[in-house]
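Below you'll find the structure, written out as structure tokens, and then a few comments.
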Amino acid sequence: MASNAAVPFWRAAGMTYITYSNICANLVRNCLKEPYKTEALTREKVHFAVSKWVDSKPQKSTIRSDTEEE
Amino acid sequence: MAMAALRREGRRFAAPLISPQPIRSSLIAEEQAPLGVRSISTQVVRNRMKSVKNIQKITKAMKMVAASKLRAIQTRAENSRGLWQPFTALLGDAPSVDVKKNVIVTISSDKGLCGGINSTSVKISKAMHKLTAGPEKETKYVILGEKAKAQLIRDSKKDIELSITELQKNPLNYTQVSVLADDILKNVEYDALRIIFNKFHSVVSFLPTMSTVLSPEVVEREAESGGKLGDLDSYEIEGGETKGEILQNLAEFQFSCVLFNAVLENACSEQGARMSAMDSSSRNAGEMLDRLTLTYNRTRQASITTELIEIISGASALEG
């Protein structure tokens with residue numbers, strides 16, 4: 001299907017393999033029935049605060065979170 | 001002989017004089033009894049005993065909490081070891097690889113009171129930094145957790161690339177760590193990633209460990225020089241992908257798995273270290289309480305004795 005030089009569509013769109021596999025895993029988790037579905041979806045929650053450092057100074061941290069900010 | 005006997009006599013006289021004096025003077029300096037009362041107050045010692053007892057209760061409770069959290073996370077950490085073992089079997093772990101751009105990922109905790117694990121991680125990171133420094137080479141830090149950030153800010157400010165906190169707000173799961181790994185991969189250029197964490201061996205032993213993940217280009221280079229990576233060519237590749245692509249996918253996935261395992265193991269070590277730290281502090285509080293009780297009783301008995309002496313000498317003065 002793909003020639004040796006072509007990359008898969010997701011790589012061309014700028015995603016890494018990790019993002020690709022996470023999306024696939026999310027699709028699989030959504031295929032479950034209740035109550036396993038809610039259990040599995042709790043395993044997907046993401047929350048952390050990352051801040052890039054420029055010139056020995058931390059920039060404002062961006063919070064990557066699935067939970068709503070209160 | 002005579003001198004020794006004299007010295008012994010002196011000590012016998014000196015000892016009872018010395019012991020009440022410091023107690024009395026220190027108590028009078030902080031005495032809280034009203035002026036004019038002539039007995040020695042035990043209030044100060046009693047307050048100290050109460051606060052030490054409260055602290056002991058708190059540390060005991062913290063130990064229980066840490067023990068229960070440890071139980072919950074330990075099975076997950078041991079199960080996650082199976083994630084990266086196939087990678088090590090395939091690609092080998094090469095701590096001694098010599099590359100131009102090293103990125104050191106230091107994993108630490110956000111909360112304190114967990115013993116010395118964060119300091120050991122930081123110490124190993126700094127040693128790694130010195131080891132991989134050299135002409136044309138650069139080493140950068142990516143810091144997970146507040147404690148390592150606080151320690152590394154002091155002398156390695158200019159080498160920090162990213163710092164990540166609030167990782168443990170939700171229970172740790174693979175999705176979170178993989179998003180984190182993705183962020184790191186996108187923001188940082190690297191030839192080799194060195195992940196430093198505390199591996200959990202048992203409740204009392206956590207050893208600082210380093211895992212190395214190489215970037216796909218370096219894997220290609222090492223494959224040419226033979227060794228484990230050189231055998232990669234003997235594998236057949238299915239699908240329409242090239243070897244370079246597969247290596248890239250593998251490298252990203254390997255980093256994500258190794259990081260997941262490292263974060264879990266470090267969390268286990270953190271809870272274990274907190275358990276033993278709280279345990280030893282409860283024990284110290286207990287010993288402190290024993291010593292304070294002895295002081296309290298001594299002061300109490302001394303004050304009773306002085307009262308008795310005053311009463312008796314007053315009574316005998318009246319009679320005589």
Side-chain angles (χ1 to χ4, degrees), chain A, chain B residues 76 110 140-146 149 152-153 155-188 216 237 239-257 259-260 263:
Chain A
M1 265 179 64
S3 68
N4 269 353
V7 289
F9 53 93
W10 44 270
R11 180 75 66 185
M15 280 207 277
T16 56
Y17 180 74
I18 300 177
T19 339
Y20 172 59
S21 73
N22 274 345
I23 294 182
C24 297
N26 190 7
L27 291 172
V28 171
R29 285 193 189 111
N30 278 326
C31 295
L32 291 172
K33 286 193 202 170
E34 299 290 344
Y36 303 107
K37 186 169 176 181
T38 33
E39 268 181 46
L41 286 179
T42 51
R43 284 203 295 262
E44 271 200 335
K45 295 230 174 352
V46 171
H47 177 98
F48 59 91
V50 61
S51 69
K52 227 169 136 47
W53 283 59
V54 174
D55 286 339
S56 331
K57 282 198 194 35
Q59 308 290 300
K60 188 153 168 22
S61 52
T62 46
I63 304 194
R64 306 246 337 221
S65 177
D66 283 346
T67 59
E68 324 253 295
E69 302 294 336
E70 278 149 43
Chain B
R76 299 186 62 203
D110 274 346
K140 293 247 167 221
Y141 288 110
V142 170
I143 306 177
L144 269 79
E146 288 279 352
K149 187 170 86 165
L152 281 173
I153 270 186
D155 51 356
S156 311
K157 247 177 129 162
K158 52 183 174 42
D159 286 326
I160 302 180
E161 186 77 38
L162 280 178
S163 74
I164 294 130
T165 52
E166 290 183 36
L167 199 58
Q168 295 224 19
K169 190 160 175 188
N170 298 331
L172 290 170
N173 53 35
Y174 178 73
T175 317
Q176 178 165 351
V177 177
S178 64
V179 172
L180 184 62
D182 197 31
D183 262 1
I184 296 179
L185 286 174
K186 284 203 177 116
N187 282 326
V188 168
I237 302 180
E241 301 180 334
T242 59
K243 179 174 165 199
E245 254 176 49
I246 292 206
L247 273 182
Q248 193 171 14
N249 292 345
L250 274 182
E252 292 170 0
F253 193 46
Q254 181 190 14
F255 177 48
S256 174
C257 292
L259 195 65
F260 180 55
V263 170

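Keep in mind the model is a prediction, meaning the values are calculated, not measured. Below, read A as the first sequence line, B as the second, and so on, with proteins coming before strands; counting in each chain starts at 1.
- By the 4.0 Å N-to-carboxylate-O rule, A/R11 lies close enough to B/E252 to be salt-bridged with it.
- Of the listed residues A/T19, A/T16, A/T42, A/N26, the one with more heavy-atom pairs under 4.5 angstrom with chain B than any other is A/T16.
- Counting only N and O atoms by type, the side chains of B/S163 and A/S51 include a donor and acceptor under 3.5 Å apart.
- Using a 4.5 Å cut-off between heavy atoms, B/Q168 makes no contact with chain A at all.
- At a 4.5 Å heavy-atom cutoff, the contact between B/I153 and chain A is made by side-chain atoms alone.
- Between B/N249 and A/W10, the shortest heavy-atom contact is OD1-CH2, 3.5 Å.
- Side-chain atoms of A/Y17 and B/S256 form no donor-acceptor pair, as typed in the model, at a separation below 3.5 Å.
- With respect to chain A, the highest number of heavy-atom pairs below 4.5 Å among B/K186, B/E161, B/K158 belongs to B/E161.
- With chain A as the partner, the residue from B/V142, B/I184, B/I164 showing the most heavy-atom pairs under 4.5 Å is B/I164.
- Contact detail for B/E146 and B/D110: the closest heavy-atom pair is N-OD1, 2.9 Å.
- Neither the backbone nor the side chain of B/L144 has a heavy atom closer than 4.5 Å to any heavy atom of chain A.
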